[in-house]
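Everything below concerns the one structure shown next.
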Amino acid sequence: MTIKTVALDIGETLVRDDRYWASWADWLDVPRHTLSALVGAVVAHGRDNADAVRLLRPGIDIAAEYAAREAAGRGEHLDETDLYSDVRPALTRLRELGVRVVIAGNQTPKAGELLRALDLPADLVVMSGEWGVAKPAPEFFARVAEAAEASPYETVYVGDHPANDVFPARAAGLRTAHLRRGPWGYYWADAPDVRAAADWNVSSLSELTVIVGE
């Protein structure tokens, strides 16, 4: 078996979500721990993580609030400190091994601009907001397969969230690696259905170089 392309999720795979949720808590004027706890609660129930914000502000128009934050200069921000420490070394090594690296996740166009500005060792960085389709929609993974420039069986999609990453990627015919990182990764790390659906279960992106070399 040859893996020619590694495609990666973004939130809690490459980038820590600390800043993202902290900024929402500050904007809503609630303790950061309160929002973090609510995110954990909705995740455990299999709900959209944005429901944590909706619990705090019933009826909130999240898109409108996002625009208001941007207008107030309190919108999205990413810098080197948001990356997990294994990101650059692992992606660099993958490319040295001749692997195509694609970064594709559920993010806004603004996040795409910020992530590309970090000049990560990747062949393509693209967001769901730029494609106009988001995970777990099959169309998203069809776009991933197209961007991979390799057959689905020669492509592995890496992510922490079973419902958004592992299950739909596998349904699309891609190989899958479940990353034990972040609340979703840790919470479902040993779930039998996740273990069965993932071709690999990893705790660090550095393990991907071993997979590629198998």
Side-chain angles (χ1 to χ4, degrees), residues 8-91 103-120 122 125-137 140 158-165 178-189 203-205:
L8 303 104
D9 169 49
I10 299 168
E12 291 301 339
T13 296
L14 303 182
V15 175
R16 297 161 57 102
D17 281 346
D18 306 49
R19 186 196 302 271
Y20 178 83
W21 290 114
S23 65
W24 266 112
D26 294 346
W27 178 257
L28 296 172
D29 194 25
V30 297
R32 293 179 176 184
H33 173 69
T34 298
L35 182 53
S36 292
L38 285 173
V39 171
V42 298
V43 166
H45 285 87
R47 294 168 59 179
D48 181 355
N49 55 22
D51 284 347
V53 174
R54 297 184 181 102
L55 286 170
L56 289 168
R57 298 288 185 272
I60 189 172
D61 183 332
I62 292 180
E65 288 297 314
Y66 175 89
R69 286 181 52 191
E70 290 289 334
R74 297 173 62 181
E76 288 186 84
H77 178 80
L78 281 175
D79 62 35
E80 195 72 21
T81 64
D82 295 299
L83 297 175
Y84 278 99
S85 62
D86 58 357
V87 172
R88 284 195 183 276
L91 300 193
I103 296 173
N106 277 0
Q107 303 285 345
T108 64
K110 172 69 176 295
E113 295 174 9
L114 294 169
L115 202 55
R116 284 188 287 271
L118 296 180
D119 195 25
L120 291 172
V125 178
V126 65
M127 309 293 111
S128 61
E130 296 165 332
W131 272 346
V133 61
K135 296 183 293 183
F140 178 92
V158 185
D160 60 301
H161 198 305
N164 278 354
D165 301 324
H178 181 243
L179 178 61
R180 191 174 185 267
R181 173 179 286 174
W184 301 272
Y186 282 112
Y187 188 76
W188 281 297
S203 297
S204 169
L205 297 183

Between W188 and H178, is the ring centre distance below 6.0 Å?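 No, the ring centres sit 6.0 Å or more apart.
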Less than 4.5 Å apart, any side-chain heavy atom of [X] and any of [Y]?
| X | Y | answer |
| --- | --- | --- |
| W184 | N164 | no |
| V87 | E80 | no |
| L179 | L8 | no |
| L14 | Y84 | no |
| R47 | L55 | yes |
| V53 | L28 | yes |
| W24 | I62 | yes |

Do the charged groups of D79 and R19 touch, with an N to O distance under 4.0 Å? yes
Flag the pair E65 and R54 as a salt bridge only when some basic side-chain nitrogen lies within less than 4.0 angstrom of an acidic carboxylate oxygen. no
Can you see which heavy atom on [X] is nearest to which on [Y], and at what distance?
| X | Y | result |
| --- | --- | --- |
| A163 | P136 | O-CB, 3.4 Å |
| A25 | P31 | CB-O, 4.2 Å |
| R116 | V125 | NH1-O, 2.8 Å |

[atom1]/[X] to [atom2]/[Y] distance, rounded to the nearest 0.5 angstrom?
| X | Y | atom1 | atom2 | result |
| --- | --- | --- | --- | --- |
| L91 | I103 | CG | CD1 | 5.5 Å |
| Y20 | L78 | OH | CG | 11.5 Å |
| N106 | I10 | CG | CD1 | 8.5 Å |

Picking from D26, D18, D17, what satisfies salt bridge (charged side-chain N to carboxylate O under 4.0 Å, His left out) with R32?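 For R32, the salt bridge (charged side-chain N to carboxylate O under 4.0 Å, His left out) test succeeds with only one of D26, D18, D17, which is D26.
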Could you go step by step and tell me if K135 and H161 meet the side-chain contact (heavy atoms from CB on, under 4.5 Å) rule? CA-CA 10 Å; K135 296 183 293 183; H161 198 305; over 6 Å; no
Examine the side chains of R69 and S23 and answer whether a donor and an acceptor come within less than 3.5 Å of each other. yes
Say whether T108 and E76, considering side chains only, have a donor N or O and an acceptor N or O under 3.5 Å apart.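 A pair is found: one side chain offers a donor N or O, the other an acceptor, under 3.5 Å apart.
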Under the side-chain contact (heavy atoms from CB on, under 4.5 Å) criterion, do V42 and D48 qualify, and how do the steps go? CA-CA 7 Å; V42 298; D48 181 355; over 6 Å; no
Is a donor on one side and an acceptor on the other found under 3.5 Å between the side chain of [X] and the backbone of [Y]?
| X | Y | result |
| --- | --- | --- |
| S128 | Q107 | yes |
| D86 | L205 | yes |
| E130 | M127 | yes |

Walk me through it: do V158 and D9 pass the test side-chain contact (heavy atoms from CB on, under 4.5 Å)? CA-CA 6 Å; V158 185; D9 169 49; over 6 Å; no
So, is the end of the R181 side chain (NZ or CZ) under 6.0 Å from the ring centre of Y186 and within 45° of the ring's axis?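 Negative - R181 is either too far from the ring of Y186 or too far off its axis.
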Quick one: does NZ or CZ of R16 land under 6.0 Å from the six-membered ring centre of W21, within 45 degrees of the ring axis? no
Assess whether atom OH of Y187 is packed by more than 12 heavy atoms of other residues, nucleotides or ligands within 6.0 Å. no
Applying side-chain contact (heavy atoms from CB on, under 4.5 Å), run through T34 and L56 and close with a yes or a no. CA-CA 9 Å; T34 298; L56 289 168; 4.2 Å; yes
